[in-house]
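Here is the structure we will look at.
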Amino acid sequence: MSLRLRLTILYSALTGGILLVFGMLIFFLISILLVNQVDNILTTAAREVLGQVYFTTSGRLSLIEFPHSDLMTGVHVLLLNEQGEVEHNSAFIPGSETPFETNNLQKRRQEFSSVYIEGFHLRVLNIPLKVEMRQVGTLQLAYNISNVDATRQALLQVIIITALTSTLVAAAASWLSLDRALSPLAAVTETAMQISHADDLSRRIPLEGLANDEIGRLVAAFNETLERLEHLFNSQQRFLADVSHELRTPLTVIKGNVALMRKIGTTDPDLLAGIEEESDRLTRLVLNLLLEAQAESGKLPLHFASVELDTLLLEVFKEMRVLARDRVHLKITEIDQVLVNGDRDRLEQVLINLISNAIKYTPAGGDVVISLAKVGENARIIVRDTGVGISKKDLPHIFERFYRAEKSRSRAVDSGFGLGLSISQWIITHHGGRIEVNSVEGKGTTFLIYLPLLKPEAAVSTGKAA
Ligand code: ADP
């Protein structure tokens, strides 16, 4: 059963049900009020009639006369003797030569009851008449309540018709409004089907004309998911192409060098060096892929210990000077003594990645400036370069795995695999820190790393990352 039909049935059943219950309550309340009114008339009339009743000297019940006040209009009176026979009768109802009812004749208290006599619906008040605790007769007063019945019946009809009409109107209104409300869902389904059939992640569900309600937000979220999926899909595809390319080049060089050596019949140091260099590159690629896979699955172990960040930074600085040669001016402007709780090798990996990137993406003659300072509760490392910068389009994505800016992809330099920053970010966040980037295209890039300082009393632990 469709959601639309289910909701329609639910809404209309609720509307009809509530109206019916409410209507029935009113019906019973009005019925009780109407009967109470009749009972009051009968009680007041009984008082007037009782004022006229007396005992004859022969011990019989008698009546001075039937009262004729307005109150008595519609009230029929029977005076019954001890045996239940009619002594006096004001009733104009056919068949009223006998008591209106006999069930209550023996009762000691006055009682109300309802009886049907010859098609008349009567409300009867039965009052036992006593002399010195002995019942000497009974007074019965009756009132025709057929009008009350008619009123109740009309009320019941109105309630049922109103409940039915409301149910139908609610059903129609729900059906139509749900059609409007749910039609975007049909569009979502349709688009999702088209996407899966055509393998086309570039499609989006049009947002025009949709209110900013649950469905509008669902569509927006769905589009956003598609956007991310498309992006992920594209970067995976790009990665596959990149990896194949990265693998092919060193393999071609290795194979070529081996073939050459075979041809000349001897080993050549230059050719061997070429093979070694390319093997190193292949190893780096495989290691990076392995790290990424471990980080991704949460299985990258981090061995925490107290780390002197300033010493570590100086070591990396010395290594990186070799890479920078005279091409780029690499310098440290500020270095505080800083202790953090971390995995030394992994933190070294992050520093190497950021500084080597800075050197790589800075043209000859440019600067790469590094600093380490305590800022509040954190150690802050800044790596600033005057290089090519990162475009606004690329900036939000550079921490994604396999992401490489268009520019750096097309560059002739050894541009890496687009994994370094994603692994670096993983490492820093799993140290309780954060990594930030600012960049202006053509002017340069600044990376900032914040790591919590080691508190003197903090225990140094070793463990696996979550
Ligand atoms: P890669 O190994 O390709 O450098 P990274 O994950 O380290 O991968 O960096 C991702 C991308 O971010 C790079 O391809 C490059 O486009 C950009 N990038 C990183 N650092 C810099 C920088 N200092 N200057 C300009 N672009 C940078």
Side-chain angles (χ1 to χ4, degrees), residues 231-232 234-247 249-250 280-296 300 316-317 319-320 323-324 327-332 346-371 381-430 434-449:
H231 179 72
L232 216 65
N234 288 343
S235 59
Q236 299 266 24
Q237 292 240 308
R238 215 161 46 189
F239 167 72
L240 265 183
D242 288 351
V243 169
S244 343
H245 177 75
E246 297 291 341
L247 286 173
T249 318
D280 285 349
R281 185 167 166 73
L282 281 179
T283 312
R284 269 205 325 275
L285 172 61
V286 172
L287 277 179
N288 266 331
L289 286 175
L290 205 68
L291 272 182
E292 180 64 39
Q294 281 181 318
E296 190 88 333
L300 182 61
V316 175
F317 177 71
E319 269 180 59
M320 290 293 109
L323 187 70
R327 201 181 64 82
V328 174
H329 307 124
L330 180 66
K331 56 188 171 213
I332 294 183
R346 298 289 170 229
L347 291 177
E348 181 181 6
Q349 186 184 350
V350 173
L351 292 175
I352 291 177
N353 182 239
L354 291 194
I355 301 171
S356 66
N357 269 353
I359 296 170
K360 210 157 55 178
Y361 298 113
T362 301
D367 294 318
V368 172
V369 181
I370 308 163
S371 70
I381 301 167
I382 301 179
V383 179
R384 189 169 52 238
D385 66 58
T386 56
V388 293
I390 303 166
S391 71
K392 279 207 173 83
K393 182 172 103 14
D394 291 321
L395 203 57
H397 304 296
I398 56 162
F399 290 106
E400 292 170 14
R401 52 193 187 124
F402 315 131
Y403 195 86
R404 303 192 311 174
E406 273 315 314
K407 237 182 181 173
S408 38
R409 281 159 52 78
S410 56
R411 279 166 60 91
V413 295
D414 174 12
S415 61
F417 317 111
L419 291 169
L421 283 182
S422 113
I423 295 174
S424 297
Q425 191 185 44
W426 188 93
I427 292 171
I428 295 299
T429 43
H430 283 77
R434 64 180 196 280
I435 182 163
E436 292 173 1
V437 58
N438 304 309
S439 189
V440 179
E441 211 177 349
K443 287 243 159 89
T445 308
T446 306
F447 279 93
L448 299 106
I449 296 175

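Read the numbers this way: they start at 1 and go in the same order the structure lists the ligands and their atoms.
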>> Distance under 4.0 Å to a non-hydrogen atom of N353: what atoms of ligand 1 satisfy this?
In response: 7 (O)
>> Can you name the atoms of ligand 1, numbered from 1 with element, that are less than 4.0 Å from a heavy atom of K360?
In response: 4 (O)
> CD1/I355 to CZ/F317 distance, rounded to the nearest 0.5 angstrom?
Replying inline: 8.5 Å
>> Donor-acceptor pair, distance only, cut-off 3.5 Å: does the side chain of T445 make one with the backbone of T386?
In response: no
Decide whether an N or O pair under 3.5 Å exists between [X] and ligand 1.
{"X": "G418", "result": "yes"}
{"X": "S422", "result": "no"}
{"X": "L421", "result": "yes"}
{"X": "V388", "result": "no"}
{"X": "A405", "result": "yes"}

> Is the shortest distance from a heavy atom of G389 to ligand 1 less than 4.0 Å?
Replying inline: yes
> Measuring from the heavy atoms of F399, does anything fall under 4.0 Å of ligand 1?
Replying inline: no
> So, E436 and R434, do they make that salt bridge, N to O below 4.0 Å?
Replying inline: yes
